[in-house]
Amino acid sequence: MRMSLLFAPTLKEDPQEAEIVSHRLMLRAGFIRQLSAGVYTFLPLGWRTIEKIIRIVREEMDRAGGQEIFMPAMQPAELWKETGRWDLYGPELIRFQDRRGRDFCLGPTHEEVITDLARREIRSYRQLPLLLYQIQTKFRDEIRPRFGVMRAREFLMKDLYSFDRDMDGLQVSYQKMYEAYCRVFSRCGLEYIAVPAESGVIGGDVSHEFLIIAESGEERVFVCSRCGGATTSEVARCPRCGIPMEEKRGIEVGHIFQLGTKYSEPMKAYFVDRDGKEKPLIMGCYGIGIGRTMAAAIEANHDERGICWPFSLAPYEVVVIPVNIKKERHREEAWSVYEELSQAGFEVILDDREESAGYKFTEADLIGFPIHIIIGEKIERSGMLEIKLRRSNERIEVRRAEVREFLERIRKELVK
RNA sequence: CGGGGCGUAGCGCAGCCUGGUUAGCGCACACGGUUCGGGACCGUGGUGUCGGCCGUUCAAAUCGGCUCGCCCCGACCA
């Protein structure tokens, strides 16, 4: 992609409405724009990062045996009345009527819809276990949307639902998801922690929250450095190891629940077990906030100049910056590096704009491309160009001919 | 919903308290020129329902009332 063609409107100054870092940087770097309180448009760079998160999530859900489906956002009130949540959910549920006056809502979550599907289609224990998931827009009329896409009223979520014949099966599904979540967040290049949690409106008995560790996180967690045990309630010492717990802060990006029969009973989602008896499906549900993961990634990975994307989430991996586009040598080398790396499978941006070098450097830092290739005078003098690693600010001079090999080595390191 | 703050050019702001000719500044934008290794410089130019409505007044961005929107703190959440 050429920078001159990219729709990435950056902001020189901090927008007044944005208080926290991730929100400020997403606006400034041209990743998102706000339409209304808690309602956002993702611009090309922002959407690329979202798609990278989605890809990782999808691969890990599939690997864990999940099958992707797509459920409606528009849901009839009757289903919600069956579980009692039409009244329980309160004003956070966005309700409306169709032209015939029938009540509907915009799904804030999909237990009702999936359970309805399950009760219609699952007859026998032979169909179990079953893991179904979707990546879809959720609607919650939050009392107070804030922090940009961190708590939005319309947001992308991956929600997976497990169906098992008994509690043992649920334990297996739950464990699989737990591990899948760990893989998702480590592949995103994020430091995370899983803590036992309260279940809230979704209900159920056992649940774990997944938190991205970031100083600006709203949640306090206490972590044992020896066994990795973590809790949200304040305890001085690790019960297992007896050593002092370390306090950290985190942002909740995922939550997994063992639901049991909370939805299958009231909605009469039964199957016939091997013994010929009809039993309620044993369910679990597992959510990941896609946009929130993006925001949390920025909270955890930025400096005073801008975003420092983990390699796996960066909208583009490499930016090629000719210091002076009007100099033929800079321009031609930049184009040739750009083409060579693109062909080698890198996601590359060529900053072909007639801007000053400083302007391009500053913007590249702001957007947070992990690797910057700077083509300037050195190319004329010695055939060298400069590779800068955004996060460490490390600068390495590399011969033109060795660039590709060098980057392939870096990529290997950054991805693992 | 309770508490606090803010709406003036695309963005960031000044002006408002103490009403008075053409409503300013920086950035951005357009054109020309000089620049080009850390958000360059000079010149020229365009840009405004002063969030909206009602009122007070000879006169309202400025005073009063209502209203809409946005942000921050609290309960809730992915």
Side-chain angles (χ1 to χ4, degrees), chain A residues 9-20 23-24 27-30 33-39 53 57 88-93 108-110 135-160 181 184-185 197-202 207-212 218-219 250-257 285-296 305-306 321-327 330-331 351 353-367 372 374-381 385-386 388 393 395:
Chain A
T10 58
L11 271 28
K12 196 166 187 172
E13 284 156 303
D14 282 333
Q16 58 149 25
E17 74 268 19
E19 199 65 24
I20 63 159
H23 189 199
R24 270 207 303 266
L27 287 165
R28 283 197 54 204
R33 284 296 181 261
Q34 182 178 49
L35 177 63
S36 181
V39 182
I53 297 171
V57 167
L88 268 177
Y89 228 96
E92 200 175 309
L93 188 63
T109 176
H110 281 69
I135 294 160
Q136 204 228 24
T137 305
K138 299 282 190 263
F139 298 85
R140 294 183 190 174
D141 196 355
E142 292 283 346
I143 298 171
R144 190 181 152 214
R146 62 175 142 169
F147 302 149
V149 301
M150 194 79 89
R151 184 177 304 152
R153 294 195 291 176
E154 176 178 331
F155 61 98
L156 274 177
M157 176 165 142
K158 184 286 302 179
D159 45 327
L160 184 144
Y181 272 44
V184 165
F185 298 118
E198 303 292 319
S199 297
V201 200
I202 309 282
S207 96
H208 284 84
E209 287 180 10
F210 282 79
L211 309 177
I212 301 300
E218 284 186 286
E219 296 206 40
I251 300 163
E252 185 185 352
V253 288
H255 205 153
I256 61 179
F257 305 85
C285 77
Y286 315 83
I288 292 179
I290 304 292
R292 186 177 283 185
T293 298
M294 176 177 174
R305 288 200 288 252
I321 304 175
V323 164
N324 187 343
I325 194 82
K326 284 190 177 153
K327 289 191 178 157
H330 295 195
R331 190 174 61 239
D351 198 342
R353 297 172 301 175
E354 287 190 21
E355 296 287 353
S356 70
Y359 182 89
K360 294 195 244 189
F361 294 156
T362 308
E363 202 160 78
D365 285 342
L366 175 63
I367 293 171
H372 303 187
I374 299 154
I375 297 172
E377 280 184 10
K378 285 173 207 127
I379 198 81
E380 299 170 71
R381 286 208 306 266
L385 35 75
E386 182 178 316
K388 174 184 138 178
N393 204 30
R395 289 154 195 273

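Protein chains get the first letters and strands the later ones, always in sequence-line order, with residue 1 at the start of each.
- For B:G12, the base has no donor-acceptor partner in the side chain of A:Arg24 [N/O atoms by modelled type, under 3.5 angstrom].
- A:Val323 comes within contact range of at least one nucleobase, with a heavy-atom separation under 4.0 Å.
- The shortest distance between the side-chain N/O atoms of A:Arg146 and the OP1/OP2 oxygens of B:C76 is not below 4.0 Å.
- Atom CD of A:Gln34 and atom C1' of B:G10 are 16 Å apart (whole Å).
- Listed pair A:Ser36 / B:C70 meets the phosphate criterion, a side-chain N or O lying under 4.0 Å from OP1 or OP2.
- No engagement by A:Ile321 is indicated, since no non-hydrogen atom pair under 4.0 Å with the nucleic acid exists.
- Looking at A:Glu380 and A:His330, their side chains do bring a donor and an acceptor atom within 3.5 Å of each other.
- Straight-line distance from the CZ atom of A:Phe139 to the P atom of B:A78: 17 Å, rounded to whole Å.
- No contact: A:Arg33 has no heavy atom under 4.0 Å from any strand.
- Using a 4.0 Å heavy-atom criterion, one finds that A:Gly376 contacts the bases of the nucleic acid, with or without backbone contacts as well.
- Here the P atom of nucleotide B:G38 and the CG atom of A:Asn324 are 12 Å apart, to the nearest Å.
- Atoms CZ (A:Arg353) and P (B:A40) sit 12 Å apart, rounded to a whole Å.
- Within the 3.5 Å criterion, the main-chain N or O of A:Tyr286 finds a donor-acceptor partner in the side chain of A:Lys158.
- Here A:Gln16 does not reach the OP1 or OP2 of B:C71: none of its side-chain N or O atoms lies under 4.0 Å away.
- When distances run from any side-chain atom of A:Arg292 to the nucleotides B:C77, B:C70, B:G37, the shortest one goes to B:C77.
- As judged by a 4.0 angstrom heavy-atom cut-off over every strand, A:Ala364 is placed among residues making no nucleic acid contact.
- For A:Arg28, taking side-chain heavy atoms from C-beta onward, the closest of the listed nucleotides B:G39, B:A78, B:G37 is B:G39.
- Among the heavy atoms of the strands, none lies under 4.0 Å from A:Lys360.
- Nucleotides B:U49 and B:A30 are separated by 25 Å at their C1' atoms, to the nearest Å.
- For A:Ser356 and B:A40, the shortest distance from a side-chain N or O to OP1 or OP2 is below 4.0 Å.
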